Amino acid sequence: MSELTDLHSSISVCEKCGLCRGRTHAVPGEGPESPAIMFIGEGPGFYEDQQARPFVGPAGKFLEELLGVIGLDRSEVYITNVIKCRAPGNRDPLPEEIQACSGWLDRQIQLLKPKLVVTLGRYSMARFFSKQSISKVHGTSKKVDGQMVFAMYHPAAALHQQRLRDTLIEDVKKIPAILAKADQVPEEEHGPEQLSMF
Ligand code: URA
């Protein structure tokens with residue numbers, strides 16, 4: 001068994017926070033073991049909890065459309081979430097739940113070593129761009145602790161807002177250029193306005 005498969009198995013039986021009591025399934029993540037890109041969403045919703053797979057509901061459908069814009073299929077990227085179990089009624093994750101789950105995400109990034117992490121929404125963004133507003137940070141990239149990261153809005157936020165849909169489509173188109181230059185980008189310590197170099 002690979003270390004990633006092992007990790008997925010451990011996540012599936014995790015009891016580090018109370019969300020384990022309400023779940024049907026934990027949703028560890030899925031994708032290749034050495035992906036160029038890793039997408040990190042917020043947490044499983046109803047369909048993900050049922051199927052133990054990330055982004056399989058309406059937001060997932062739109063994510064697949066976005067990937068298609070840059071010629072990618074979801075099987076080519078790794079997809080996971082900040083929290084691995086559904087929060088009741090799809091409420092926002094609590095700080096203690098994010099904290100309890102953070103070790104799993106750290107280990108996933110460590111094992112997968114993606115060239116680029118793409119954050120979807122403010123919860124995954126906050127892990128890399130602390131205390132910044134997603135309206136300012138979306139569409140920008142930076143290198144944090146050696147990891148290239150690009151911030152996008154969450155696809156679910158755009159399901160009923162054409163303006164955000166267009167923004168997500170414009171942002172996803174930046175990914176190929178960021179990926180191509182990821183190795184040459186120096187570590188950055190500036191604000192997001194200065195970070196978008198592509
Ligand atoms: N929204 C998320 O953030 N993650 C999923 O897996 C599905 C919907």
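When a residue number appears, it is its place in the shown sequence, counting from 1. Computed from a predicted model, the values in this text were never measured in an experiment. In each ligand, atom 1 is the first atom listed, and ligand 1 is the first ligand listed.
Cation-pi geometry between R165 and F62 is met: the NZ or CZ atom falls under 6.0 Å from the ring centre, inside 45° of the normal.
Side-chain N or O atoms of K115 include none that pairs as donor or acceptor with a backbone N or O of Q147 at under 3.5 Å.
When ring centroids are compared, H154 and F55 come within the 6.0 Å threshold.
Side-chain heavy-atom separations under 4.5 angstrom define the hydrophobic clusters, and the remaining members of the one that includes F46 are Y47, V56.
If you check the side chains of S124 and E42, you find no donor sitting under 3.5 Å from an acceptor.
In this structure the side chain of V118 never reaches within 4.5 angstrom of the side chain of M38, judged on heavy atoms.
The protein residues lying under 4.0 angstrom from ligand 1, judged by non-hydrogen atoms, are G41, E42, G43, E48, P54, F55, N81, H154.
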